[in-house]
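Let me begin by presenting the structure, written as structure tokens, before commenting on it.
Lettering follows sequence order; numbering is per chain, from 1.
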Protein chains: 2
Amino acid sequence: MSKNLSKNQLRRLPEYLTLLRNLKQNGIKYISCQTIADCLNLNKELVRKDIAAVSSYDGVPNKGRDIVLLIKDFEKILGYDSSHNAVLVGVGSLGKALLCYDGFSTYGLKIVGAFDRNPELIGRTINDIHIYDSRRMFGTLSTLNANIGIICVPSGFAQEVANDLVDSGIEAIWNFAPTKIEVKKDVILSNMDMATSLAVLSHQLYLKKNKRKEN
Amino acid sequence: MSKNLSKNQLRRLPEYLTLLRNLKQNGIKYISCQTIADCLNLNKELVRKDIAAVSSYDGVPNKGRDIVLLIKDFEKILGYDSSHNAVLVGVGSLGKALLCYDGFSTYGLKIVGAFDRNPELIGRTINDIHIYDSRRMFGTLSTLNANIGIICVPSGFAQEVANDLVDSGIEAIWNFAPTKIEVKKDVILSNMDMATSLAVLSHQLYLKKNKRKEN
DNA sequence: AATTAATCGGTAAAAAATTACTGAATTATG
DNA sequence: CATAATTCAGTAATTTTTTACCGATTAATT
């Protein structure tokens with residue numbers, strides 16, 4: 001079980017995990033790399049490599065791997081086993097949506113508090129999550145025991161909020177604002193980039209349109 | 001200007017575009033690949049390749065490229081120039097958030113209608129976007145002139161909704177539901193995958209934690 | 001007007017990722 | 001109990017992506 005996963009590999013892991021969880025739901029006990037590859041339309045050798053990098057034990061010939069153990073390996077590598085506490089900053093439309101979104105627990109994420117600077121929101125509760133004054137982040141954060149900060153403020157404030165989070169001792173930032181932010185390199189940063197996701201789709205529409213013109 | 005962009009390239013394009021738009025805001029007129037590389041912490045040769053694949057004209061030595069023209073090239077390749085009309089299906093917490101989100105126009109996307117099957121929502125309007133009965137998708141969709149469908153329903157209904165959208169003649173699907181959906185191959189599909197984004201972050205937290213243990 | 005400095009595009013080299021292959025091991029089947 | 005069918009791990013080959021290099025070109029400077 002190596003720990004040096006490439007970025008591409010890391011992108012595939014959640015797909016495997018989703019599939020495995022589904023299969024387990026359907027009563028499957030053992031799973032082979034070949035089967036996974038077929039399900040996800042991937043090359044079987046690629047899957048073999050990925051699984052080998054994640055799995056803590058060898059597969060069984062003509063049988064595959066115990067799906068329960070494999071899921072555990074994935075969850076461990078992805079850090080989904082030990083639940084992470086997160087705080088969300090910026091209770092606007094997107095922020096509210098995320099507070100109400102109940103799917104995060106699947107990924108071992110729990111939102112334990114929110115911050116905003118709007119007096120009308122401070123003190124209120126959304127989906128049992130308390131909203132604190134973002135100007136008092138430093139003190140509040142330490143009591144919440146959170147190590148992930150979710151940024152949902154408008155682009156113009158994202159960097160400022162990131163700085164505050166870092167100053168308050170956060171370890172990782174998940175940025176939903178459509179802008180680049182910079183943090184010192186021992187802080188982990190992941191961008192939830194709608195632009196990128198949309199770009200893939202939009203570019204293909206562009207190609208399709210041009211193809212039509214040609215004909 | 002080639003049109004065969006690799007997936008990695010496609011992922012970088014929105015970053016370039018965001019940067020270029022920012023620079024333009026700040027009054028920059030000309031931009032070189034070197035500068036772009038420096039700003040984004042990328043290899044300059046890589047940037048050169050990417051720009052060459054997108055730009056419709058050559059750069060000027062010792063000067064760079066006209067930033068306005070370059071932005072236009074990006075917007076064209078990404079399909080952001082001709083505005084795409086989209087409909088959103090599933091006006092739950094996330095769906096509402098997206099309806100209220102005003103950043104899509106930056107990407108040439110306009111939500112022209114929404115669908116839900118909840119009678120309390122049907123007929124209402126959110127952010128000037130009308131909510132229609134999702135059971136009457138087929139007829140309604142044709143009047144809205146939309147070619148992108150945004151799926152925001154719970155996982156269990158995502159495939160069903162995708163089928164309805166395809167049957168109603170949609171060209172592309174942007175899936176926000178945390179599940180895999182399948183469509184016939186002439187329909188474009190892009191997943192807005194929070195799991196993937198979170199995985200990157202979560203895995204690094206895992207590595208960090210293990211490192212601490214070692215010491 | 002000549003020189004300098006910086007950029008470009010194209011090609012070549014290096015690195016990384018993916019795919020293919022091979023032999024050994026194990027379960028299931030006849 | 002032997003055979004056949006799968007699967008696995010590890011290595012090798014291929015493809016793709018990224019990085020480096022080089023001569024030509026052009027704007028700015030003197």
Looking only at side-chain N and O atoms, does A:Arg11 come under 4.0 Å of OP1 or OP2 in C:dA17? no
If every non-hydrogen atom of B:Asn147 is compared with every non-hydrogen atom of B:Ile170, which pair is closest and at what distance? O-CG1, 3.6 Å
Atom OH of A:Tyr30 and atom P of D:dC8 are separated, to the nearest Å, by 13 Å
How does each nucleotide of nucleotides 24-30 of chain D score, in 5' to 3' order, for protein heavy atoms under 4.0 Å: base (B), sugar-phosphate only (S), or none (-)? -BBB---
Nearest-nucleotide comparison on DNA chain C, the residue closer to the 5′ end among A:Gln9 and B:Ser32: B:Ser32
Interatomic distance where CD1 belongs to B:Ile31 and C1' belongs to C:dC8 [whole Å]: 15 Å
Taking OH in B:Tyr57 as the centre, count heavy atoms belonging to other residues, nucleotides or ligands within less than 6.0 Å. Is the count above 12? yes
Could you tell me the separation between the CG atom of A:Asp50 and the P atom of C:dT19, rounded to a whole number of Å? 10 Å
Taking CD in A:Glu45 as the centre, count heavy atoms belonging to other residues, nucleotides or ligands within less than 6.0 Å. Is the count above 12? yes
Rounded to whole angstroms, how far apart are CG on A:Leu5 and P on C:dA16? 15 Å
May I ask you to verify if any side-chain N or O of B:Arg65 is less than 4.0 angstrom from the OP1 or OP2 atom of C:dG9? yes
Knowing that exactly one of A:Leu99, A:Ile111, A:Ile173, A:Asn175 qualifies, which makes a side chain to side chain contact (heavy atoms under 4.5 Å, CB included) with A:Ile150? A:Ile111
Whole-Å distance, B:Leu46 CG to C:dC8 P, equals 14 Å
Does the C:dT11 base have a donor-acceptor partner in the side chain of B:Lys49 within less than 3.5 Å? yes
Could you state the CD1-C1' distance from B:Ile51 to C:dT7, rounded to the nearest angstrom? 13 Å
Should the heavy atoms of other residues, nucleotides or ligands under 6.0 Å from CZ of A:Arg117 be counted, would the total exceed 12? no
Expected output: side-chain B:Ser55 to main-chain B:Ile51 donor-acceptor under 3.5 Å: no
With respect to the phosphate group of C:dA16, does any side-chain polar atom (N or O) of A:Asn8 fall under 4.0 Å of OP1 or OP2? no
Between B:Glu171 and B:Ile188, is there a donor-acceptor pair closer than 3.5 Å when you use the side chain of the first and the backbone of the second? no
Starting at CZ of A:Arg48 and ending at C1' of D:dT7, how long is that distance when rounded to a whole Å? 7 Å
Figure out the CG/P separation between A:Leu42 and C:dT19, and round it to whole Å. 8 Å
